[in-house]
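Structure first, commentary second.
Labels below follow one simple rule: chain letters A, B, ... track the order of the sequence lines, proteins then strands, and each chain is numbered from 1.
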Amino acid sequence: MASVTDNPQVIVKPRSNAERKLDLGFIWLTRIFAIAVAATLIWITIQVAIQALPAIRQYGLGFIFSTTWDPVRNEYGALPQLVGTVFSSLIALLIAVPVGLGVAIFLSEDYLPPRIQMILVFLVELLAAIPSVVYGLWGIFVLIPLLKPLGEALNANLGWLPIFSTPLRGPGLLPASIVLSIMVLPTIAALSRDALISLHSDLRQAAVGLGATRWETILKVLLPSAVSGIVGAVMLALGRALGETMAVTMLIGNSNNISPSVLAPSNTIASLLANQFAEASGLQVSALMYAALLLFILTLLVNVLAQLLVSRVQRI
Amino acid sequence: MSKLEDKPVSGFPSRTLKRSPTSPRTLFGIVMTGLTFLCAVLAIVPLVAVLGYVIVQGISQLNTNAFTELPPPPLVEGGGFGNAILGTLIMVGIGALISIPFGVMAAIYLSEFSGGKIAYWIRFATNVLSGVPSIIVGVFAYVTVVLTTGTYSAWAGGFALSILMLPIVVRATEEALRLVPQEVRQAAVGLGASNFQAVSRVVLPAALPAIVTGTTLAIARAAGETAPLLFTALFTQFWPNWNNRLLEPTASLAVLVYNFATTPFKNQQEFAWAASFILVMMVLLTSIISRLATARRVY
């Protein structure tokens, strides 16, 4: 650069070899960093798998079907936690999917002026930003006392149904699932809204031109066209719900029993890890690693599927 | 043509093109619109409920002692959580120091120098990484840092947080870089700038405000993360001891909320609300500021 100003006659100076190498080096440096980000994923898998190896050798696949978790006798099985993980997530989705889809439709149509719509979108996204430990605290002191009378009433009147067969004594599957549904709602709402908005406006115009009402257009044209994006959003929310730790740990009751009742305390793999990891030793650490590996594989599968579905939407 | 005009369109009463307020189609639409409106209200209710509770409960417990004193034992009045605030700052700082250079460099590659398959898969892996449960990241940090150094430490906590922040930083930076118009790069290269000069002197400065707000959001999120700190940083009742070079259990606001929320002691529960208030305010303010900042484009 200096030589250009020193000698005005030299306008184009060919780049020196060193400069060219520096430039190429810079590109390679960024490439290495980028690959390192992706490699982190593989690194996590390998590390957790290595630590889980002793437990995998000891228990094999029986770990998934055994219901005992007994650190005293060193016998471990993760069936109750697996069931709890899946159940709590599914109940959360049962609540969050209809509401989230409703929000997505409401905020993708022109019901509201754009400015108010943007504020609402921001508020819904804010739900996802609140730390999960705060949801847990709120759940313990506000939601559970609120749910107790409802749980008692359900047990008293519908107790013959297996899902209401126990009273709600405090923490349990239901409070945990409700808080989980609040936490995954923004994921479903925001991504489904993206999927609906990214649809070509020709679709809507064609439907309306054929005489369809607004809701006929939404139900028969827009939703079916956006279905891959919406399913992706739900899968992503499922991934979140499966791995969510703090709020669930604080609200689910951490009982290693399988109960058909949604009012009974239960447990999830994430809560199991949160509760026992710091005090575990020996084979228990390895068993916990095995459970972590199962959770990791589960969420990885769900996430990869979700990414494939969502990225298809973004490419259109 | 004339034939059509001559014939009156029978069987097609002129009134059908009007919208009838009592037709089942219209009623169905009104009901569905009402239902979605209800959904929007339902989504806002928990936000208001949580924020309202945390603000009301949190503000009443907050005073200057909270920032300067150590957590009280059960049933003892007074005290604060100064060590947890300091610990959170240290660990989030470590996380930011690792993840920001890493994330920004990776994003530069993705937005400036790549194209095609490698970038697609790296982007894919980054998205999947952001879906990895935070407790698994904690397990990973335990294996890689706690087991190798032999102690729970702020380093282990910071390392775990850095992995959680990494995908957010990459995505925010890449989006920020994409907002810089192509003409700016062409102008820089046209003036004889090398790739390195174009990126470091022209593209990055242009995207800097958006990158800063994106990373600030990542930092705010990391400050609220609890699960990865449970068995990497653990918790302590004491101030960080600088003589140990951060190689000792470290307190954090998020773990303090968890620990104190589950105790039966009233005074500790009050501190849980106060600490939650600080965490929520941090997230709230950074979210609003970043919203306002990214609404304005540089170019």
Under 4.5 Å to a heavy atom of chain A? For B/Ala193 that would be backbone
Checked A/Leu273, A/Leu293, A/Leu185, A/Val48 vs chain B; the most non-hydrogen pairs under 4.5 Å come from A/Leu273
Ranked by heavy-atom pairs below 4.5 Å to chain B, first place among A/Leu242, A/Leu24, A/Leu123 goes to A/Leu123
If one checks every heavy atom of A/Leu107 against chain B at 4.5 Å, the contacting part turns out to be neither
Only one of B/Val41, B/Thr36, B/Leu35 passes side chain to side chain contact (heavy atoms under 4.5 Å, CB included) with A/Phe106, and that residue is B/Thr36
Cut-off 4.5 Å, heavy atoms of chain B, and the answer for A/Thr213 is both
Expected contact set for residues 161-171 of chain B against chain A at heavy-atom separation under 4.5 Å reads B/Ile163, B/Leu166, B/Val170
Turns out that what part of B/Leu217 lies under 4.5 Å from chain A's heavy atoms comes down to neither
Applying a strict 4.5 Å limit to non-hydrogen atoms, the region of B/Trp121 in contact with chain A is neither
Has B/Tyr53 got more than 12 heavy atoms of other residues, nucleotides or ligands less than 6.0 Å from its OH? no
Original post:
If you measure from the Lys or Arg side-chain nitrogens to the Asp or Glu carboxylate oxygens, is any gap between B/Arg291 and A/Glu125 under 4.0 Å?
Top reply: yes
A/Trp28 meets the ring-ring contact (aromatic ring centres under 6.0 Å, His included) criterion, sequence neighbours left out, with none
When the 4.5 angstrom heavy-atom criterion is applied to B/Ala119 and chain A, the contacting part is neither
| Near B/Phe37 CZ, under 6.0 Å, is it more than 12 heavy atoms from other residues, nucleotides or ligands? | no
If one checks every heavy atom of B/Leu129 against chain A at 4.5 Å, the contacting part turns out to be both
When the 4.5 angstrom heavy-atom criterion is applied to A/Pro98 and chain B, the contacting part is backbone
Taken in chain and number order and not counting sequence neighbours, the residues that satisfy ring-ring contact (aromatic ring centres under 6.0 Å, His included) with B/Phe28 are none
Pair count under 4.5 Å, heavy atoms only, with chain B: among A/Val124, A/Leu126, A/Ile140, A/Ile105, highest is A/Leu126
Cut-off 4.5 Å, heavy atoms of chain A, and the answer for B/Tyr142 is side chain
Of A/Arg214, A/Glu279, A/Met250, the largest count of non-hydrogen pairs under 4.5 angstrom with chain B goes to A/Met250
Those residues of residues 107-114 of chain B that come under 4.5 Å of chain A on a heavy-atom basis, listed by number, are B/Ile108, B/Tyr109, B/Phe113
Turns out that what part of B/Val146 lies under 4.5 Å from chain A's heavy atoms comes down to neither
Applying a strict 4.5 Å limit to non-hydrogen atoms, the region of B/Ser200 in contact with chain A is neither
Nearest heavy-atom contact between A/Ala96 and A/Val184 is CB-CG2, 3.8 Å
So, the part of A/Val142 with a heavy atom under 4.5 Å from chain B: the answer is side chain
